[in-house]
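Bear in mind that the values here come from a model prediction, so they are computed numbers and not experimental data.
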Amino acid sequence: MNAIAPELRTVVVEREFSHPPEKLWRALTQPHLIEAWLMKNDFLPVAGHHFNFKADWGTVDCRVTEVEPIKTLAYTWSAMGLESVVTWTLEASGKGTHLRMEQSGFRADQEQAYQGAKFGWQKFFGALEQLVQKEAA
């Protein structure tokens, strides 16, 4: 008899930006820009690249799993027992860009991490929005 896999939850944040996908792609893939809205990092947009996000609360170990320039970026996100995947999807829209972030892999016993991610990504999206506005000026 097969054991039923535990249900995994996902945090999704979607937002319209009045900027072209190329501008958002730069903010998602250039280390100095990522640091301005997310965390210190040693990111490279290369599949298989291992990198870290560093914050005052600790480190996130990551590995790039998918890069499709100006369309899709995905990486693993391992921190404090959480093994998840963050996927960014950019889609040109009439106003600019529809940006979708999905972080999947939260187990039922990771309620604190799940709630923290729901709160944190909203905050990060706000910082990203401020960054791209500033870069546009």
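Residues V64 and V46 have side chains not in contact (no heavy-atom distance under 4.5 Å, counting atoms from C-beta outward). Looking at heavy atoms from C-beta onward, W121 lies in side-chain contact with V86 at the 4.5 angstrom threshold. Side-chain contact between W57 and M39 is present, with heavy atoms from C-beta onward closer than 4.5 Å. When side chains are defined from C-beta on, L28 counts as touching L90, because their heavy atoms get closer than 4.5 Å. Taking 4.5 Å as the limit, every side-chain heavy atom of E83 sits out of range of all side-chain heavy atoms of R107.
Seen from the ring of F106, R9 does not count as a face-on cation partner, given the 6.0 Å and 45° thresholds.
Taking a 6.0 Å sphere around NZ of K54, one finds it holds more than 12 heavy atoms contributed by other residues, nucleotides or ligands.
Nearest approach of S84 to S104, heavy atoms of both residues: CB-O, 2.9 Å.
A donor-acceptor pair under 3.5 Å is absent between the side-chain atoms of T72 and the main chain of E68, judged by distance alone. T65 places a side-chain N or O within donor-acceptor distance of the main-chain N or O of A74, the cut-off being under 3.5 Å. Judged purely by atom type and a 3.5 angstrom limit, H98 has no side-chain atom pairing as donor or acceptor with the backbone of F17. At distances below 3.5 Å, not a single donor-acceptor pair connects side-chain atoms of S18 with backbone N or O atoms of G96. For the pair Q30 (side chain) and A27 (backbone), a donor-acceptor distance under 3.5 Å is absent.
The closest side-chain donor-acceptor pair between Q122 and R15 falls under 3.5 angstrom. Between the side chains of E111 and Q115, at least one donor N or O sits under 3.5 Å from an acceptor N or O. Side-chain N/O atoms of T10 and E102 include no donor and acceptor closer than 3.5 Å. With no hydrogens or angles considered, a side-chain donor-acceptor pair links E16 and S93 at under 3.5 Å.
Cluster annotation: M80 is connected to V11 through the hydrophobic network of ILVMFWY side chains, with a link wherever side-chain heavy atoms come within less than 4.5 Å. One hydrophobic cluster, built from ILVMFWY side chains closer than 4.5 Å, holds both V60 and F125. Under the 4.5 Å side-chain heavy-atom criterion for Ile, Leu, Val, Met, Phe, Trp and Tyr, V85 and L38 are members of distinct hydrophobic clusters. Residue L33 is grouped with residue M101 when hydrophobic side chains (ILVMFWY) are merged at heavy-atom distances under 4.5 angstrom, including chains of intermediate members.
Residues satisfying the side-chain hydrogen bond (donor to acceptor under 3.5 Å, both in side chains) test with W88, not counting sequence neighbours, are Y75.
Note on ring orientation: taking the six-membered ring where Trp is involved, the planes of F43 and F51 are perpendicular (angle over 60°, cut-offs 30° and 60°).
In this structure, W77 has its ring center under 6.0 Å from that of F53.
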